Protein chains: 2
Amino acid sequence: MHKKVTLKTIARDLNLSPGTVSRVLNGKAKEFRISDETVAKVFRFAKQMNYSPNLIAKGLQASKTFTIGLMIPDISNPFFALMAKYIQRAALKANYSILLVDAEENIEREKKQLKNMVSRKVDGIIAAPVGTVFDHFQDIIAEGIPLVFIDRYFKNADVPYISSNNYNGAYEATKLLIENGHKRIALIKGDEVIEPVKERREGFLNALAEFGVSQAKCWVVGNEFTIENGYLHTIELLESDEKPTAIFAMSNLIGLGVLKAVKEIKLKIPDDISLIIFDDQPYVSYIDPPITTVKQNSEKIGELAIEFIIKKIDNGSTKLASQLIATNIMVRSSVKNIN
Amino acid sequence: MHKKVTLKTIARDLNLSPGTVSRVLNGKAKEFRISDETVAKVFRFAKQMNYSPNLIAKGLQASKTFTIGLMIPDISNPFFALMAKYIQRAALKANYSILLVDAEENIEREKKQLKNMVSRKVDGIIAAPVGTVFDHFQDIIAEGIPLVFIDRYFKNADVPYISSNNYNGAYEATKLLIENGHKRIALIKGDEVIEPVKERREGFLNALAEFGVSQAKCWVVGNEFTIENGYLHTIELLESDEKPTAIFAMSNLIGLGVLKAVKEIKLKIPDDISLIIFDDQPYVSYIDPPITTVKQNSEKIGELAIEFIIKKIDNGSTKLASQLIATNIMVRSSVKNIN
DNA sequence: CTGAAAGCGCTAACAC
DNA sequence: GTGTTAGCGCTTTCAG
């Protein structure tokens, strides 16, 4: 096993002081007018010894770790995975690393790992919170750690967020359905504890109202962002006498559940039932029929979140406003025109 | 902004020494026979002050950070996202945190971030390497940092790996095709620089040979794990005069490309062309037709990787063997029996 | 131009 | 039972 090389060992070997070596290696040679000879010597030796600065020690003394905590409810959900990718990319560009936690939709886990992040002295936290309670996030604020929510958020918490414009997205999707002649529409949604779920439901309901579609003949069902939830409610819906002509699935997983159910009862999209899914995923364009979706701009959300958090890290007094990012309807072939 | 509370401040406020407070808070009260009174006092005060241990300081002094670096080629690829989930879960269970890097299939990025991980003093690294070169991984070994490859690996590197049994998986898939009467099969593969690609190709070829299918009438094409690669080659394949009756897509992304192409030229699976995809994803069972796949055991791979790395961290001399994890054929409806 | 020393927060060795 | 001290590796005054 190889012996460790630190500033001190380098200094000793070169008959210099740790301070000097530190200054050189941190590009402060000019500033301190250190002789070219010394500079060259240090660089050469450090390279030769394959010196690797100890960021832990640096972090301890600077009270800054260049680490951002990323708290995600489910990294295997492609929506979050994609967001993680962009957040990661933006973070690295700014020389920050990402400490990843998958809360697995479990609030206890979220709490515990949030504490861990505090102990690890992350410089900031980006989180898509799991539940309805956010006391544990208040603690983060109290600790003075910059925090921003992505995707999910709490309206009544004083924490800024970057999310899709969920209301508009749902509104537009519903409008599209209505324009295609649909008057019997079912919304399969997630848990309303989640703010974006409320927003999407509002967008849906308001579109119905605005275009004079009877809410009495529409459905608002479901309570989870899962395949199971989409599946069960679709079965129920499609087996009822007065069934809908279109389904609006509020997430990619719910959408998968709808697909599963429709296939199982041998119906055809869009002939028997039209479908639109909130959240676009690669596969939806390659299946038969390609699904019309509401695409969220994960890249922008990720970039803004990092930008935001870094600004806050660099200047704690910064007061940045939450942002709602526009969505895009990706029109494909899962909505039938029944006008 | 709140003032920081450290062992020292607690000690001062309580008229104790930092050492004592440390011992109490680390559950060593019994061992040092510290008075119940003191213990209670310390715990109460620490809780009241919302004390959070500084893991950075702890890490510096113990030369152990309880952090594992996870290097992934593309976290938005659901295969890797799922693996990341399981690795993360297993790591947290053992009180380790995950420092995530998405190399974005870019070797320079991988190199740079590997160095960063070394500087951050991660206790071990789990990586699915991007390319063909692995000098930079040798450096990790030289530093004495435990390292294990997952999914992708190098046969000639002295680094242990946990991966699917790629050879067998491909062999079984090919066998299934042959048993269903296919004699004109195309394999669309990734870059052969990647060891599992070679293995899968071998499995494919050997199955052909073993069951007496003419390799002259089969195809081995493609060079990337991308949708584009799958798409382009499928188009070419299906537009040729002597086209295959079945396609074996070597990854989920290639499979998506095949789906895209097949749809575009208005062919039907499995009537016009049979398909089997290496790597199972949720959506494949809900589309029409459901796709037969080779399912990899991501959970097991993830768990073993963590188990492995922690063993190695705890006992550097441990010499653990690489492992190939069995795959499973998920028979669905994308393979037509043409016997 | 460079060195010496203090300190970031913590633990462990050594005192008593 | 508890205090004191040294040191993890680094940067940063303060000296000279």
Side-chain angles (χ1 to χ4, degrees), chain A residues 2-43 45-46 49-67 118-123 143, chain B residues 2-43 45-46 49-67 118-123 143:
Chain A
H2 105 315
K3 60 178 170 334
K4 62 180 70 173
V5 19
T6 69
L7 280 191
K8 216 159 87 176
T9 66
I10 295 184
R12 186 158 21 75
D13 290 350
L14 255 33
N15 271 317
L16 290 168
S17 77
T20 302
V21 179
S22 166
R23 288 184 269 250
V24 172
L25 259 18
N26 286 299
K28 294 183 180 164
K30 288 267 139 8
E31 187 183 335
F32 286 87
R33 314 191 323 157
I34 295 171
S35 74
D36 291 357
E37 188 192 1
T38 305
V39 172
K41 202 163 61 174
V42 169
F43 273 125
F45 193 70
M49 296 272 81
N50 200 14
Y51 170 70
S52 162
N54 185 328
L55 258 32
I56 297 297
K58 229 171 183 163
L60 176 59
Q61 99 92 33
S63 308
K64 162 141 194 179
T65 57
F66 277 97
T67 308
V118 174
S119 268
R120 283 175 180 274
K121 303 292 165 192
V122 297
D123 296 331
E143 290 283 343
Chain B
H2 103 315
K3 61 179 168 335
K4 62 181 72 175
V5 19
T6 68
L7 279 192
K8 217 159 86 178
T9 66
I10 295 184
R12 186 158 22 75
D13 290 351
L14 254 33
N15 271 318
L16 290 169
S17 76
T20 302
V21 179
S22 166
R23 288 183 270 249
V24 172
L25 260 17
N26 285 297
K28 295 184 180 164
K30 287 268 140 7
E31 187 183 338
F32 287 87
R33 313 191 325 158
I34 294 171
S35 76
D36 291 356
E37 188 192 1
T38 305
V39 171
K41 202 165 61 172
V42 169
F43 273 125
F45 193 70
M49 295 272 82
N50 200 13
Y51 169 70
S52 162
N54 185 328
L55 259 32
I56 300 296
K58 229 171 185 164
L60 176 60
Q61 99 91 29
S63 308
K64 161 137 193 180
T65 57
F66 277 97
T67 308
V118 174
S119 268
R120 284 175 179 273
K121 303 291 164 192
V122 296
D123 295 331
E143 291 282 344

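Computed from a predicted structure; not experimentally measured. Just so it is clear: chains get the letters A, B, ... in the order the sequence lines come, proteins before strands, and each one is counted from 1.
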May I ask you to evaluate whether [X] reaches the phosphate of [N], defined as a side-chain N or O under 4.0 Å from OP1 or OP2?
X	N	value
B:Thr38	D:dG1	no
B:Tyr51	C:dG9	no
B:Ser22	C:dC10	no

Taking B:Thr65 for the side chain and B:Gly59 for the main chain, is one N or O donor matched with an acceptor at less than 3.5 Å? no

Q: Keeping the roles fixed (side chain from A:Ser119, backbone from B:Pro53), state whether a donor-acceptor pair exists under 3.5 Å.
A: yes

Is any side-chain heavy atom of [X] closer than 4.5 Å to a side-chain heavy atom of [Y]?
X	Y	value
B:Thr67	A:Arg120	yes
A:Ile34	A:Arg23	yes
B:Val24	B:Lys41	no

The side chain of [X] is closest to which nucleotide in this list: [options]?
X	options	value
A:Leu7	D:dG9, D:dG3, D:dT11	D:dT11
B:Ser35	C:dT2, D:dC10, D:dG1	D:dG1
B:Gln61	C:dC1, C:dT11, D:dG3	C:dT11
B:Ser17	C:dT11, C:dC8, D:dG3	D:dG3
A:Lys8	C:dC8, D:dC8, D:dG1	D:dC8
B:Pro18	D:dC10, C:dT11, C:dG3	C:dT11
B:Thr20	D:dT2, C:dT2, C:dT11	D:dT2

Sequence neighbours excluded, the answer for ring pair (Phe, Tyr, Trp, His ring centres under 6.0 Å) partners of A:Phe66 is A:Tyr96

Could you give the [atom1]-to-[atom2] distance, from [X] to [N], as a whole number of Å?
X	N	atom1	atom2	answer
A:Arg12	D:dC10	CZ	P	13 Å
A:Glu31	C:dT2	CD	P	14 Å
B:Lys121	D:dC8	NZ	P	13 Å
A:Phe32	C:dG3	CZ	P	13 Å
A:Asn26	D:dT12	CG	C1'	11 Å
A:Leu25	D:dC10	CG	P	9 Å
B:Lys58	C:dA12	NZ	P	9 Å
A:Lys64	D:dC10	NZ	C1'	17 Å

Could one point to a donor on the side chain of B:Arg23 or the base of D:dG3 with an acceptor on the other under 3.5 Å away? yes

Report which part of the nucleic acid [X] touches: base, sugar-phosphate, or nothing (heavy-atom distance under 4.0 Å, all strands).
X	result
A:Ser63	nothing
A:Ile56	nothing
B:Thr6	sugar-phosphate
B:Lys28	sugar-phosphate
A:Asn15	sugar-phosphate

Of A:Pro53 and B:Val39, the one whose nearest nucleotide on DNA chain D sits closer to the 5' end is B:Val39

